[in-house]
Amino acid sequence: MSAYADHIATVRARFDAALAATGYESVLIYAGQPRVAFLDDNPAPYKVNPLFKYWVPVIESPKSAIFYQPGEKPVVFLFQPRDFWHAEVKVPEEEWQQYVELVVIDEQDKMTAWLGDKIKSAAFIGEDFAEPVASWPVKARNPANLIDHLHFHRAIKTAWEVDNMRHANRLAAKAHLAARDAFMAGASELEIHHAYLAAMNSRESQVPYNSIVALNEHGAVLHYDVYETQAPAQSRSFLIDAGALYRGYCADITRTYARESGFFAELIESMDQAQQALLAEIKPGINYYELHVSQHLKIAQILADYGFVNGTAESIYEQGYSSAFFPHGLGHFIGLQVHDVGGFLANDRGDTIARDPRHPFLRLLRDIEVGQVFTIEPGLYVVDQLLEAHQGNADFNWDRIAELRPYGGIRIEDSIVVGENGHNENLTRDAFASLA
């Protein structure tokens with residue numbers, strides 16, 4: 001069997017189990033449709049329902065849907081309207097069409113007519129803010145127990161999914177190198193952003209999230225996406241957090257660069273070594289939270305080694321000092337979504353794992369299993385808002401911290417496929433290596 005054949009067999013089995021566990025006969029998965037801005041008729045860029053593209057790699061056909069009843073072939077209703085206002089969405093013939101019943105419709109009423117009374121027993125998954133979707137006589141709309149069951153199990157990726165993510169990482173790595181070269185050439189943030197998109201031959205709406213392209217002190221803003229149009233008088237540092245899509249699957253890569261050798265370049269190298277040391281600790285059976293704490297201790301050691309904070313790594317972490325420099329979570333699941341959901345699910349029944357108030361922004365608290373794919377993205381920043389709580393604390397070397405402030409911060413992010421006995425695959429570093 002092909003990788004896709006194995007994938008759709010797994011998806012069917014997961015939906016069979018979820019429907020059986022929650023008492024639904026069938027499911028209707030709506031691809032979604034564009035939303036318009038308030039008091040406007042101009043739609044925002046369309047993003048497909050992730051549970052729709054879980055079945056088929058179709059990401060640009062809004063108003064489509066999938067109907068699935070266990071034991072029967074899934075039906076894909078591909079919406080292709082007769083519309084002289086917009087270009088027709090072209091869906092090439094591909095392998096996935098062999099495993100579904102494909103029904104092309106130009107009106108949504110044709111889908112409900114095809115389904116007849118079957119729609120009344122279906123659980124609906126998707127957005128239903130618009131008519132006629134809002135009035136479809138389905139049995140339930142977005143039942144949490146069904147969605148939780150699906151989200152818990154899709155944390156384990158199929159071989160087809162991982163291969164799509166390899167492709168996405170190669171696309172993103174190529175664009176990252178183009179962005180790095182633009183930074184070294186003295187480009188502005190907007191020009192670097194354009195270089196990134198050009199390297200992938202992509203529109204801005206075709207990347208999975210707003211790219212973070214931050215020069216100098218802007219690197220301390222965790223989700224910076226302003227894009228200054230003029231280059232600064234001196235480009236000291238560059239932090240880029242940007243991804244790519246391939247067949248609906250995401251890459252999410254962060255790298256940080258120094259303009260010149262010296263203090264900041266050495267700090268980047270130390271952070272890179274700390275991140276790679278943590279990668280060696282990933283193995284099935286441990287909890288992701290343990291990795292997060294281990295990374296904090298490694299960053300705490302860097303804070304001590306570089307003289308930012310006085311103390312041992314353990315004392316710096318225990319007193320909460322490292323959180324002032326590394327405030328976000330270590331990483332998250334990734335796949336159909338950049339921040340794949342399900343990181344707090346304790347089981348497929350919807351029970352959740354309580355968040356630790358000390359690390360409230362950590363998106364993943366599950367035990368590590370073979371087949372999971374998640375990011376590892378430690379950071380070290382000068383965020384004045386967080387440092388305010390420590391003003392006057394003699395354990396902080398404020399003069400040394402001031403030296404780092406003009407550089408903003410550092411983040412390094414890789415995506416990891418968990419393998420047996422610690423034999424993991426680094427999708428990100430393998431992608432860069434393939435381009436070397």
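Here the side chain of Asn421 pairs no donor or acceptor atom with the backbone of His423 at under 3.5 angstrom. The closest donor-acceptor contact from the side chain of Asp163 to the backbone of Trp160 lies at 3.5 Å or more, if one exists at all. With Gln273 contributing its side chain and Ser270 its backbone, the two residues share no donor-acceptor pair below 3.5 Å. Side chain of Asn287 to backbone of Leu365: a donor-acceptor contact under 3.5 angstrom is found. Between the side chain of Asn216 and the backbone N or O of Gly408 there is no donor-acceptor pair closer than 3.5 Å. The main-chain N or O of Phe333 is never found under 3.5 Å from a side-chain atom of His339 such that the two would form a donor-acceptor pair. No donor-acceptor pair closer than 3.5 Å links the side chain of Glu101 to the backbone N or O of Pro74. At least one donor-acceptor pair under 3.5 Å links the side chain of Tyr288 to the backbone N or O of Gly331. Side-chain atoms of Ser235 do not come within 3.5 Å of backbone N or O of Gly186 as any donor-acceptor pair.
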Stepwise side-chain hydrogen bond (donor to acceptor under 3.5 Å, both in side chains) test for Asp241 and Tyr209: CA-CA 10 Å; Asp241 184 336; Tyr209 60 96; 2.7 Å; yes

Does His296 form a ring pair (Phe, Tyr, Trp, His ring centres under 6.0 Å) with Phe326? I'd like the steps, not just the answer. CA-CA 8 Å; His296 259 275; Phe326 175 29; 4.6 Å; yes

Walk me through it: do Asp414 and Arg255 pass the test salt bridge (Lys or Arg N to Asp or Glu O under 4.0 Å)? CA-CA 9 Å; Asp414 295 342; Arg255 289 294 184 267; 2.8 Å; yes

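Open room surrounds CG on Asn201; 12 or fewer heavy atoms of other groups in view lie less than 6.0 Å from it.
Judged purely by distance below 3.5 Å, without hydrogens or angles, the side chains of Glu413 and Thr254 pair a donor atom with an acceptor atom. In this model, no donor atom of one side chain and acceptor atom of the other lie less than 3.5 Å apart for Glu93 and Gln97. Ser2 and Glu95 are linked by a side-chain donor-acceptor pair at a separation below 3.5 angstrom, with hydrogens and angles left out of the test. Counting only N and O atoms by type, the side chains of Glu94 and Tyr4 include no donor and acceptor under 3.5 Å apart. Between the side chains of Tyr381 and His328, a donor-acceptor pair is found at a separation under 3.5 Å. Using modelled atom types and a 3.5 Å distance limit, the side chains of Gln108 and Tyr30 yield a donor-acceptor pair. Residues Gln80 and Ser61 have side chains that never bring a donor and an acceptor to within less than 3.5 angstrom of each other. At a cut-off of 3.5 Å, with distance as the only test, no side-chain donor of Tyr249 or Asn169 sits close to an acceptor on the other residue. A side-chain donor from one of His332 and Asp252 sits under 3.5 Å from a side-chain acceptor of the other. In the model, Glu204 has a side-chain atom that pairs as donor or acceptor with a side-chain atom of His193 under 3.5 Å.
Across Pro132 and Asp109, no two heavy atoms sit closer than the pair CG-OD1, 4.4 Å. Considering every non-hydrogen atom in both Ala244 and Ala168, the closest pair reads CB-O, 3.5 Å. When all heavy atoms of Ile334 and Ala251 are compared, the pair lying nearest together is CD1-C, 4.1 Å. A pairwise comparison of heavy atoms in Pro378 and Ile299 identifies CB-CD1, 3.9 Å as the closest pair. Considering every non-hydrogen atom in both Ala172 and Gly243, the closest pair reads CB-C, 4.1 Å.
For the pair Glu217 and Arg236, the salt-bridge criterion is met [side-chain N within less than 4.0 Å of a carboxylate O]. The pair Glu107-Lys63 does not meet the salt-bridge criterion, since no charged nitrogen lies less than 4.0 angstrom from a carboxylate oxygen. Salt bridge annotation for Asp106-Lys110: present, with a cationic side-chain nitrogen under 4.0 angstrom from a carboxylate oxygen. Taking a cutoff of 4.0 Å between a charged side-chain nitrogen and a carboxylate oxygen, Asp430 and Arg166 do not qualify as a salt bridge.
Relative to the ring axis of Phe152, Arg366 places its NZ or CZ within 45° and under 6.0 Å from the centre. Both tests hold for Arg35 against Phe129: distance to the six-membered ring centre under 6.0 Å, angle to the ring axis within 45°. Cation-pi contact between Arg363 and Phe344: absent, since separation from the ring centre below 6.0 Å together with deviation from the ring axis within 45° is not met. Judged by the 6.0 Å distance and 45° axis criteria, Arg358 is positioned over the aromatic ring of Tyr317.
Note on residues 39-58: pairs passing side-chain hydrogen bond (donor to acceptor under 3.5 Å, both in side chains), not counting sequence neighbours, are Arg14-Tyr54. Counting only residues at least two apart or on different chains, the salt bridge (charged side-chain N to carboxylate O under 4.0 Å, His left out) pairs with a member in residues 138-150 are Asp128-Arg141.
The closest side-chain heavy-atom distance from Arg429 to Gln276 is below 4.5 Å. Looking at heavy atoms from C-beta onward, Arg411 lies out of side-chain contact with Leu380 at the 4.5 angstrom threshold.
Looking at Glu290, Lys298, His292 one by one, the single match for side-chain hydrogen bond (donor to acceptor under 3.5 Å, both in side chains) with Ser294 turns out to be Lys298.
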